[in-house]
Amino acid sequence: MLAKLVNEAKLAFQLRTEGPVLINSGTDNKIDPTLTDMSFVRCIHNGARTVYLPGSSLKGVFRSRYEQLMRAFESPVCKLFSKESCSEALKNKKSFDGTQRYKASCAACRLFGNLSLGSRIAFADAYPDLSSPAPVLGRRHGVGINRITGAAAPGALFEMEVLESGVFDVEVRLTNFALYQLRLILWIVQDIDDGLVTFGMGGTRGNGQMRLKDSTEVQLRYRLFDDSDVNRLRGYDAKDVGGSEIQSFPRNLFGRESQLKGLEEILRALGLDDRETLRTAMRRESWENVLACQRKRNA
């Protein structure tokens, strides 16, 4: 017998560069003088060496913006890499169960996780789109500035390898999400397309601008494991704890699913169009139901 399952969603879209982007590999170059001081991160994908956008970098960008949005809604978030973080606060709370850890975590950690609470959102590495022109790399020069004199600092000249153009496939998965959390993630996608969010190093010097390749091609696929209307999205309330237990493996294990296409269409389906409605959805989220669904899913 299968345990009750929960709703899941996959958000897919393509990002294209709007200028130089540098996600530094972190590898020091002290031997080969022909190489740049800072090089774009690379990996092996489909048998070939290529540049890519690491999922960890994407998650960092989304979490940072998510925290800004939560503060705008006057919802407190922790200082992630400090003694005031949720991870530090929960470090000595080993007796806490999942519900207690969830309640003790800030609004951002409840979605993105911390050292004591698993994340409910996952970012895959974004690889170049094979149907688009191959990524183009270039070199840019920089120099350190003396903050007192305003002149170039001696020996501070450096060279960067930047991504000049390219299109990347991005995939984000959510599990046990509240409806407002999905709305805020889509809000961030909008902000990226509006040029309000940057990626990688050098954002203050004009680096890191990316846009949606085509907002009409943004796709949201979601799966419902109850008798809900598949043509509308729902968050977690008393009715969102799963349907009847499945007695045997059906042909379509994942039950009913649907897909929305186009950023505007997805936003209309969510129905959280104004700030007060969104704020109300945040207040009404039932943490107990979310944790109950997670426990059933892991059973």
Side-chain angles (χ1 to χ4, degrees), residues 3-11 55-56 58-123 172-188 222-226 228 233-243 270-272 274-299:
K4 289 183 180 180
L5 302 176
V6 298
N7 299 351
E8 297 177 330
K10 182 180 78 171
L11 178 66
S56 57
L58 294 172
K59 184 176 181 179
V61 169
F62 272 76
R63 173 159 185 154
S64 177
R65 190 64 173 180
Y66 190 90
E67 290 176 355
Q68 292 176 359
L69 293 177
M70 295 308 293
R71 292 189 185 100
F73 282 99
E74 300 177 349
S75 184
V77 294
C78 71
K79 296 180 179 179
L80 188 58
F81 300 108
S82 73
K83 292 184 179 180
E84 301 176 29
S85 67
C86 293
S87 296
E88 285 292 322
L90 291 169
K91 183 168 62 175
N92 298 320
K93 307 292 185 180
K94 300 187 183 300
S95 61
F96 276 19
D97 60 18
T99 301
Q100 291 171 313
R101 290 196 301 271
Y102 198 90
K103 287 184 176 180
S105 297
C106 73
C109 287
R110 285 169 177 168
L111 178 62
F112 289 86
N114 54 47
L115 295 181
S116 297
L117 188 71
S119 173
R120 292 189 289 129
I121 185 169
F123 295 80
V172 184
R173 293 180 179 271
L174 298 98
T175 304
N176 286 332
F177 57 91
L179 190 60
Y180 82 86
Q181 292 171 329
L182 176 59
R183 179 63 180 88
L184 290 177
I185 292 299
L186 289 165
W187 190 331
I188 297 171
Y222 59 97
R223 289 167 171 169
L224 303 178
F225 297 100
D226 55 19
S228 303
L233 297 174
R234 295 171 54 196
Y236 279 95
D237 55 31
K239 299 178 181 178
D240 289 328
V241 295
L270 289 176
L272 299 176
D274 61 88
R275 292 198 173 199
E276 282 308 311
T277 303
L278 195 55
R279 196 188 303 273
T280 300
M282 293 179 187
R283 290 197 301 264
R284 291 181 177 177
E285 181 179 7
S286 173
W287 313 123
E288 289 80 3
N289 283 339
V290 173
L291 267 295
C293 288
Q294 185 65 60
R295 285 194 293 269
K296 291 171 184 176
R297 181 174 184 269
N298 293 335

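Quick caveat: nothing in here was measured; it's all calculated off a predicted structure.
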Worked verdict on Leu69 versus Tyr66 for side-chain contact (heavy atoms from CB on, under 4.5 Å):
CA-CA 5 Å; Leu69 293 177; Tyr66 190 90; 5.5 Å; no
Working to the nearest 0.5 Å, report the span between CZ of Phe123 and CG of Leu11.
9.0 Å
Partners of Ala89 by side-chain contact (heavy atoms from CB on, under 4.5 Å), sequence neighbours excluded?
none
The side chain to side chain donor-acceptor pair (under 3.5 Å) partners of Glu88 (sequence neighbours excluded) come to Lys91
Mind checking the CD1-CZ spacing from Ile121 to Phe112? Nearest 0.5 Å is all I need.
4.5 Å
Could you tell me whether the side chain of Cys106 reaches within less than 4.5 Å of the side chain of Pro76, counting heavy atoms only?
no
Test side-chain contact (heavy atoms from CB on, under 4.5 Å) on Leu182 and Leu174 and set out the steps.
CA-CA 8 Å; Leu182 176 59; Leu174 298 98; 4.1 Å; yes
Steps toward side-chain contact (heavy atoms from CB on, under 4.5 Å) verdict (Ser87, Ser116):
CA-CA 6 Å; Ser87 296; Ser116 297; 5.8 Å; no
Phe73 side, atom CZ; Arg279 side, atom CZ - distance, nearest 0.5 Å
6.0 Å
For the atom pair CZ (Phe62) and NZ (Lys59), what is the distance rounded to the nearest 0.5 Å?
12.5 Å
Hey, what do you get for CZ (Arg173) to OG1 (Thr175), rounding to the nearest 0.5 Å?
8.5 Å
How many angstroms lie between CG in Leu111 and OH in Tyr180, if you round to the nearest 0.5 Å?
7.5 Å
Shortest non-hydrogen separation from Ala107 to Val77 and the atoms involved:
CB-CG1, 4.4 Å
Listed once per pair and sorted, the side chain to side chain donor-acceptor pair (under 3.5 Å) pairs that draw on residues 67-81, sequence neighbours left out:
Arg63-Glu67, Arg65-Gln68
Pair Asn114-Ser85, side-chain donor/acceptor within less than 3.5 Å:
no
